[in-house]
Protein chains: 2
Amino acid sequence: MIHSDIKEQNQEIVLAERPLGVPTEDTFQTNDIDMPTPKDNEVLIKNIYVSVDPGMRGFMDKGDDDAAGAKYELNQPITSRSVAQIVDSNDEHFAVGDIVHGRFAWQKYQTVSVEDIEKVDPDLAPISTAVSMLGVPGLAAYFGMLKIGQPKKGETVVVSGAAGSVGSIASQIAKITGGRVIGIAGSAKKINYLENELGLDKGIDYKQTDDMQVAIKEACPDGVDVFFDNVGGELFDAVFANMNRHGRVAICGQIAEYNADNPPTGPRPMHKLIKKSARMEGFVVFDFSAEFDEAKKQIAEWYNDGQIIYKENLIEGFENIPSAFIGLFKGENIGKQMVKVGDVKNC
Amino acid sequence: MIHSDIKEQNQEIVLAERPLGVPTEDTFQTNDIDMPTPKDNEVLIKNIYVSVDPGMRGFMDKGDDDAAGAKYELNQPITSRSVAQIVDSNDEHFAVGDIVHGRFAWQKYQTVSVEDIEKVDPDLAPISTAVSMLGVPGLAAYFGMLKIGQPKKGETVVVSGAAGSVGSIASQIAKITGGRVIGIAGSAKKINYLENELGLDKGIDYKQTDDMQVAIKEACPDGVDVFFDNVGGELFDAVFANMNRHGRVAICGQIAEYNADNPPTGPRPMHKLIKKSARMEGFVVFDFSAEFDEAKKQIAEWYNDGQIIYKENLIEGFENIPSAFIGLFKGENIGKQMVKVGDVKNC
């Protein structure tokens with residue numbers, strides 16, 4: 001198949017306006033676009049799986065040049081980590097039919113430079129995991145827990161957003177290292193998932209808990225040694241109040257803040273950091289890019305051994321990418337949110 | 001001389017009431033007390049130099065069991081790091097005339113267990129430095145800068161409270177490691193001290209600066225790699241806004257908070273920690289007690305080489321200990337605040 005054989009109308013989804021607070025359908029606009037032709041060292045790809053992540057919300061704000069990733073431009077297509085199949089190639093190293101991943105535009109078909117794609121090994125794990133368990137979320141869990149949190153055997157580890165794509169893997173890695181792991185999530189369904197499927201020591205439903213600080217204290221009678229935080233805000237405060245001496249806080253995400261129009265305020269943590277000789281550290285996975293291959297291999301091994309359970313929440317259809325993204329902020333999903341926008345063709 | 005030869009009236013200064021906000025003279029009360037007699041393995045000591053430190057303010061609040069140090073009890077003598085001379089000994093390892101240091105009560109004379117004292121080597125540096133440059137403040141500067149801040153040659157280092165007992169040594173250690181060092185202090189006299197005596201690259205008088213965030217940006221065109229914070233509050237925010245990727249914040253003291261009745265609030269730093277892959281870490285010197293001897297030797301060597309300049313602000317008289325302590329919160333002093341309460345006797 002070459003690109004001229006494709007009969008489907010190509011489409012893109014662009015950033016129509018910068019959202020204030022939680023994005024809505026008006027944040028996005030779908031346009032019909034032409035089918036592009038790959039130049040030298042480019043390939044034409046068809047999107048198969050598109051990942052939507054809470055952290056993308058920050059890229060929708062007006063840029064201040066100091067974000068870890070790129071900002072989205074108005075009227076330009078949104079980009080996100082995606083898995084695609086090559087349908088036409090102008091590079092000898094990539095063949096039609098190859099599965100690749102990268103940060104792709106929300107377009108059904110697009111040309112990309114071969115420098116911006118990486119091959120996916122379909123034998124390692126299901127190909128969608130290239131942008132989830134074996135992609136940024138899994139790597140964030142792996143490096144955030146092991147390099148920043150550094151749990152030791154027998155320590156108490158608390159993970160917020162524990163049913164999410166990062167938190168569920170971080171929690172399980174903490175269990176593998178021999179920690180006592182408490183997961184925080186926001187529904188009975190999620191708590192059941194944490195306790196009965198992922199095997200965490202306890203799940204706490206913050207939506208059903210009046211005083212989270214007390215709940216954490218009860219769940220962690222020996223205090224908290226490692227806090228892997230995906231949420232921030234008052235939930236952070238409640239866990240942080242229970243930190244042990246020499247505790248480590250890995251700041252992975254702050255979903256409670258992503259839709260805040262102004263920088264949020266809260267109790268200053270500095271005095272407690274001194275009292276407890278404790279540490280708070282932020283990170284992005286690309287800090288550890290030299291170790292990606294090793295980490296992917298380890299996570300896939302744990303997955304194939306059954307030591308890590310990994311779930312996807314799959315929505316079908318290119319036109320449903322915006323609603324899948326907006327749904328992230330409703331806090332209802334278990335596992336990594338993905339959108340399946342095309343089928344893999346055997347070539 | 002034995003204790004029965006001492007004709008002077010013994011006295012103590014106790015915590016008369018727990019202060020709200022900044023302590024006043026009413027916080028303290030001076031009482032006449034009896035001269036104690038040392039039991040086995042005790043010595044009778046005469047206070048020579050009493051150290052007063054901002055961090056003691058925290059010990060005056062009602063205890064919550066999670067402070068790094070002990071709380072003061074009402075109507076009991078305040079304790080602080082002090083240098084004393086032995087005037088009577090019931091232990092073979094300590095002789096009358098020996099100079100010792102430890103956390104002693106604000107009493108002219110007192111008995112202490114030999115387990116709670118450490119000999120001072122008068123040949124290393126002036127004996128008062130045993131509780132300052134070679135004591136907790138100097139060790140906090142040394143470990144906070146080298147172990148937490150970890151400045152690399154050519155990096156930009158900002159120190160708040162830079163003219164104080166900890167900050168002045170921390171700043172100079174950062175210079176020794178090859179950093180570009182910016183000190184923040186609160187008077188023209190202090191800025192002159194930083195720039196012209198300690199040799200820092202620049203001093204910023206926060207009291208004469210409308211927008212500290214802009215002032216830091218101008219003074220640090222390459223951003224801030226290491227922030228050694230003694231102050232906290234809005235000054236923290238202004239420096240933190242300028243942190244570089246992989247920046248390190250050593251949280252040493254938070255003098256802006258010590259007198260706050262409620263935990264202060266401020267902008268949450270978490271999002272920025274993620275964006276910058278930055279780290280905030282609190283510490284107390286006792287985290288590093290295994291390395292004290294090595295550190296003292298190194299600091300004394302730098303001092304005797306002239307690479308570290310060290311100043312004391314000396315007030316005379318046992319009765320002036322409270323006013324010396326209260327004066328710490330007026331921000332007027334250069335160097336370590338000490339009170340000389342007695343003279344060394346040659347035995």
Side-chain angles (χ1 to χ4, degrees), chain A residues 55 58 64-69 140 143-144 147-148 223 229-237 240-258 260 262-288, chain B residues 55 58 64-69 140 143-144 147-148 223 229-237 240-258 260 262-288:
Chain A
D64 64 355
D65 294 332
D66 73 346
F143 292 110
K147 299 280 183 175
I148 313 282
D229 188 22
N230 290 299
V231 175
E234 291 178 9
L235 204 50
F236 172 93
D237 304 334
F240 189 66
N242 287 286
M243 291 305 289
N244 282 338
R245 279 193 67 70
H246 300 292
R248 289 85 69 196
V249 183
I251 310 280
C252 179
Q254 298 279 286
I255 197 169
E257 292 186 10
Y258 290 151
N262 295 308
T265 59
R268 291 184 181 273
M270 295 80 173
H271 210 156
K272 182 104 181 166
L273 290 174
I274 297 176
K275 279 184 178 176
K276 297 294 183 180
S277 297
R279 177 158 54 83
M280 289 170 62
E281 188 164 353
F283 68 99
V284 291
V285 290
F286 303 101
D287 298 337
F288 303 97
Chain B
D64 64 356
D65 294 331
D66 73 347
F143 292 110
K147 299 279 183 176
I148 313 281
D229 188 22
N230 291 299
V231 175
E234 292 178 8
L235 204 50
F236 173 93
D237 304 334
F240 189 66
N242 287 286
M243 291 305 288
N244 282 339
R245 279 193 66 70
H246 300 292
R248 290 84 69 196
V249 183
I251 309 281
C252 180
Q254 297 278 286
I255 197 170
E257 293 186 10
Y258 289 149
N262 296 309
T265 60
R268 291 185 181 272
M270 295 80 173
H271 209 158
K272 181 105 183 168
L273 290 175
I274 297 176
K275 279 184 178 177
K276 297 293 183 179
S277 296
R279 176 159 54 83
M280 288 171 61
E281 189 164 354
F283 68 100
V284 291
V285 291
F286 303 101
D287 298 337
F288 304 97

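Naming convention: chains lettered A, B, ... in sequence-line order (proteins, then strands); numbering from 1 in each chain. Atom set for the values below is all heavy atoms of this structure, side chains included, hydrogens, waters and symmetry mates excluded. Computed from a predicted model, the values in this text were never measured in an experiment.
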Worksheet, complete the sentence: Smallest heavy-atom separation, B:Ile251 atom then A:Leu273 atom, equals CG1-CD1, 4.3 Å
Practice prompt. Please round to the nearest 0.5 Å and tell me the distance separating atom CG of B:Asp287 and atom NE2 of A:His246.
Written response: 4.0 Å
Worksheet item: Can you list the steps and then say if A:Val249 with B:Met280 is a side chain to side chain contact (heavy atoms under 4.5 Å, CB included)?
Response: CA-CA 10 Å; A:Val249 183; B:Met280 288 171 61; over 6 Å; no
Worksheet entry | From CZ (B:Arg279) to CZ (A:Arg279), nearest 0.5 Å | 6.5 Å
Discussion item. Please report the interatomic distance OG1(B:Thr265) to CG(A:Asp237), rounded to the nearest 0.5 Å.
Written reply: 10.5 Å
Practice prompt. Search all heavy atoms of B:Pro267 against all heavy atoms of A:Arg268 and return the closest pair with its distance.
Written response: CD-NH2, 3.9 Å
Worksheet item: Any side-chain heavy-atom pair from B:Glu281 and A:Ser277 closer than 4.5 angstrom?
Response: no
